[in-house]
Amino acid sequence: MSDPTLRVYVDSSPVDVPHSAVAIDAVTIANPDLAQSIRSGQNRVTDSRGLPIDTDTPLHGGFIMRVVPVRKAED
């Protein structure tokens, strides 16, 4: 029988999520307050290379993501 969860990493912390989870689900499991900051636009999710990803990005085992502040455009 296969494992019902995937191990992913949010800001270097291991998080076990269901196979159907997307990026925001993993952040919510790891830290609900951090997930809320993403929903409100203060932070965003990036992949392990620092490239922005959508919050509905499907996950796979070993997926690494980071939460970073959103930089405001200068006038």
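Any value given below was found using the heavy atoms of this structure, including those in side chains, with hydrogens, waters and symmetry copies removed. All values derive from a computational prediction rather than experimental measurement.
Tyr9 and Leu34 are assigned to two separate hydrophobic clusters, defined by single-linkage of ILVMFWY side chains at heavy-atom distances under 4.5 Å.
Pairing each heavy atom of Val15 with each of Ala30, the nearest pair is CG2-CB, 3.6 Å. Nearest heavy-atom pair, Asn43 versus Ser37, reported as atom, atom and distance to 0.1 Å: ND2-OG, 2.7 Å. Heavy-atom minimum distance, Ala23 versus Val45: CB-CG1, 4.5 Å. Considering every non-hydrogen atom in both Leu6 and Gly61, the closest pair reads CD2-N, 3.8 Å.
Side-chain polar atoms of Thr5 and Asp3 form a donor-acceptor pair below 3.5 angstrom.
In terms of modelled atom types and a separation under 3.5 Å, the side chain of Asp56 and the main chain of Val22 share no donor-acceptor contact. Side-chain N or O atoms of Arg44 include none that pairs as donor or acceptor with a backbone N or O of Val68 at under 3.5 Å.
At a threshold of 4.5 Å between non-hydrogen side-chain atoms, the residues Val17 and Asp25 do not count as touching. No side-chain heavy atom of Val67 sits under 4.5 Å from any side-chain heavy atom of Asn31. Contact check for Pro69 versus Gln42: no side-chain heavy atoms found under the 4.5 Å cut-off. In this structure the side chain of Arg39 never reaches within 4.5 angstrom of the side chain of Thr55, judged on heavy atoms.
Asp47 meets the salt bridge (Lys or Arg N to Asp or Glu O under 4.0 Å) test with Arg49; sequence neighbours excluded.
Between Asp16 and Arg7 there is a salt bridge, with a side-chain nitrogen of the basic residue lying less than 4.0 Å from a carboxylate oxygen of the acidic one.
For the atom pair CE of Met65 and CG of Leu51, the computed distance is 14.0 Å after rounding to the nearest 0.5 Å. Taken from OG in Ser13 to CD1 in Ile29, the straight-line distance is 13.0 Å, to the nearest 0.5 Å. Going from atom OG of Ser48 over to atom CD1 of Ile64 covers 5.0 Å, rounded to the nearest 0.5 Å. Atom CG of residue Asp33 and atom OG1 of residue Thr28 lie 10.5 Å apart, to the nearest 0.5 angstrom.
Residue pairs meeting the ring pair (Phe, Tyr, Trp, His ring centres under 6.0 Å) criterion with at least one member in residues 22-73, sequence neighbours excluded: His60-Phe63.
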